[in-house]
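Some notes on the structure that comes next.
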Amino acid sequence: MKIRVEKGKAEKFPCEILLLFVFESPQRLEGSLQDVDSEWKGFISTLMKQEDFKGELFECRLLYTHGMFPAKRVLLTGLGKREEFDIEKWRGASAKAGQFIRDSGIKQFVFPIRKFDAFSEEALAESFVTGLLLGVYQFNEYKTIERNKIKEIDEGIILGETDLEVELIDGGLRTGRIISEAVCLARNLINGPSNKVTPTVLADRAQQIAKDHVMECKVLEVTEAESVGMGAFAAVARGSQEPAKFITLEYNKGKELETIALVGKGITFDSGGISLKPSEKMERMKDDMSGAAAVLAIIQAASELQLPFHLVGIIPATENLPDGKAYKPGDILKTLSGQTVEVISTDAEGRLILSDALTYSLRYQPRAVIDLATLTGAIVIALGDYVMGLFGNDESLLKRVEEASGKTGEKAWRMPLWDEYFENLKSDVADFRNVGTRSGGAIIGAIFLSKFVGKTPWVHLDIAGPASIEKERPYIPRGGTGAGIRLVLQLLRDWAR
Ligand code: BES
Ligand code: ZN
Ligand code: ZN
């Protein structure tokens, strides 16, 4: 879908469908709504007075204008009670309107934006575009039957009335588009199956992003990773025939800017290895590279938004499979940090590959390290499907994440890292075990990671719940969601200010 901004008035603009948003039982119609209503001889106000359209949250109503003014149709979308309005509802309403238009087979829309209360044209435009593009996302790559029945909107035009409005809307539109396209890039990788999205494909994608955005990308083969000392990453990779890759993608390399390392878990399929998972729902484990996809997306968007940071994306990418050569419970691994780990379960592979990646990230002397990982089933038990676990060793970094979380609607809930939990990870034969008790599983996973970042400010986002979802949400269709991307980008944008 192409979206652009033009100068014009809603009631004078010819289009397939004009988009208007309405609060529940408004005292009076405002802005464009009022202009269109008077052009339409009070049609909308009558409709609302008779309660044929109430403006309840996400309520949609298609109307025909019968030539009363240039738009062929009007779509009214409810925003709910004015006093309960927020940007998250706005993203949802934008998505619902977009889905309604798409499913009706309408190819083009016009939407007039006006600021109101504390909401600027720029902020409204950014979240409109975000909600819309993320809401109409579909993954159709592998559907071959009735491809001609796939519905898509071709064009959207946002209207501003003055040059200043147009300029502000254009800024918001651009930001929203960059961020949404990055999220959709990640969703495509996550929804792609493990026979298509291999570690090699992740590495190729990183190289492509580097080429398109003039960045640095370095890919280590497992043998190279092993020879620099990444014994944990190499061990996990041993059970797979698919070549593993250790990917580093660097934006603003060599510039005098603060360095932030982003580490993403890149297990393209997690069978559990020798500690094999039950087969029920095992197909979901193609999403175990959601952290990796997020890192690629964040770096692409950061470069397009020209955020003033030196970003280092680090992605250990491999499958986790059982095989004659696979690593086994009881094995002792030497990590890049020099610390040794006794493998209790080969299904706790994420923390193993991340331990080497986190240690590696410290070579860049980062101001902060942020990792994103579908690390534990336990975090889903603790927080449910829509909330990520937030862990960290630095109060001010944690606060930044929480603030960004509030702004983006990507919920992150703080979890503890108390020493008591570490007792669990002590081993008789090595420095640590890779698994503790089942209770407190997400915290124990995070504690394990904390042993590989030293004193560097670090946060760990356990995105196992929200990385992919079975029940759609207003602007998040079923499947891979791109969790964590908007949150980290917001954090970086706020930090840059
Ligand atoms: N990839 C899984 C975690 C996961 C579970 C992600 C459910 C998404 C949905 C991870 O590698 C794993 O298997 N973790 C184990 C750890 C355990 C063996 C300590 C788990 O959560 O059961
Ligand atoms: Zn696992
Ligand atoms: Zn895993």
Side-chain angles (χ1 to χ4, degrees), residues 190-191 194 197 199 202 232-233 235-240 244 263-294 315-322 326-331 341-357 371-389 391 415 421-422 424-425 427 432-449 460-471 479-484:
I190 299 163
N191 288 328
S194 73
V197 181
L202 289 181
F233 173 62
V236 174
R238 269 214 309 278
S240 168
V263 178
K265 173 175 173 182
I267 296 288
T268 57
F269 187 74
D270 183 10
S271 71
I274 296 293
S275 316
L276 195 63
K277 285 181 181 295
S279 53
E280 199 191 337
K281 294 266 168 75
M282 205 204 269
E283 70 280 2
R284 192 199 149 170
M285 283 300 130
K286 68 173 182 179
D287 80 358
D288 213 17
M289 35 58 74
S290 297
I315 297 170
T318 177
E319 297 180 323
N320 183 26
L321 292 178
Y327 80 129
K328 304 174 289 299
D331 287 2
V341 182
E342 178 190 7
V343 177
I344 302 300
S345 168
T346 62
D347 196 13
E349 83 298 338
R351 60 198 74 179
L352 293 174
I353 65 168
L354 288 174
S355 69
D356 282 344
D371 82 66
L372 299 106
T374 44
L375 201 73
T376 66
I379 199 69
V380 193
I381 304 296
L383 300 177
D385 291 334
Y386 304 137
V387 181
M388 55 187 104
F391 302 83
M415 302 286 286
Y421 292 98
F422 179 62
N424 260 297
L425 286 175
S427 161
F432 325 118
R433 300 147 47 102
N434 76 333
V435 165
T437 50
R438 239 162 81 82
S439 56
I443 304 170
I444 293 166
I447 294 257
F448 184 93
L449 297 182
H460 158 58
L461 299 171
D462 192 339
I463 56 172
S468 68
I469 55 172
E470 280 179 36
K471 195 172 174 313
T481 63

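Whatever order the structure lists ligands and atoms in, that order sets their numbers, starting from 1. These numbers come from the heavy atoms of this one structure, side chains and all, not from hydrogens, waters or symmetry mates.
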[atom]: the protein heavy-atom neighbour that sits closest, reported with distance to 0.1 Å:
| atom | answer |
| --- | --- |
| atom 2 (C) of ligand 1 | D270 OD2, 3.5 Å |
| atom 20 (C) of ligand 1 | G377 N, 3.8 Å |
| atom 16 (C) of ligand 1 | R351 NH2, 3.8 Å |

| field | Shortest reach to atom 8 (C) of ligand 1 by a heavy atom, considering only R433, M285, K281, R438 | value |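 Closest candidate by heavy-atom distance is M285.
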
| message | Please give the atom name: the N, O or S atom of D270 nearest to the Zn ion (ligand 3). | response |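 The D270 atom nearest to the Zn ion (ligand 3), restricting to N, O or S, is OD2.
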
| said: I'd like the atom name of the N/O/S atom in D288 lying closest to the Zn ion (ligand 3). | reply: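 It is OD2, the N, O or S atom of D288 closest to the Zn ion (ligand 3).
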
| Atom CE of M282 and atom CG of D270: how far apart are they, to the nearest 0.5 Å? |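 Answer for the CE-CG pair, M282 versus D270, is 8.5 Å.
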
| message | If I take atom CZ from residue F448 and atom OG1 from residue T376, how far apart are they, to the nearest 0.5 angstrom? | response | 14.0 Å

| Has D347 got any heavy atom lying under 4.0 angstrom from an atom of ligand 1? | yes

Those atoms of ligand 1 less than 4.0 Å from some heavy atom in [X]:
| X | result |
| --- | --- |
| K265 | 1 (N), 10 (C), 11 (O) |
| A464 | 6 (C), 8 (C) |
| E349 | 11 (O) |
| S345 | 18 (C) |

| query | Taking the Zn ion (ligand 2) as the vertex, what is the angle from OD1 of D347 to OE1 of E349, given to 10 degrees? | reply |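 That angle is 120°.
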
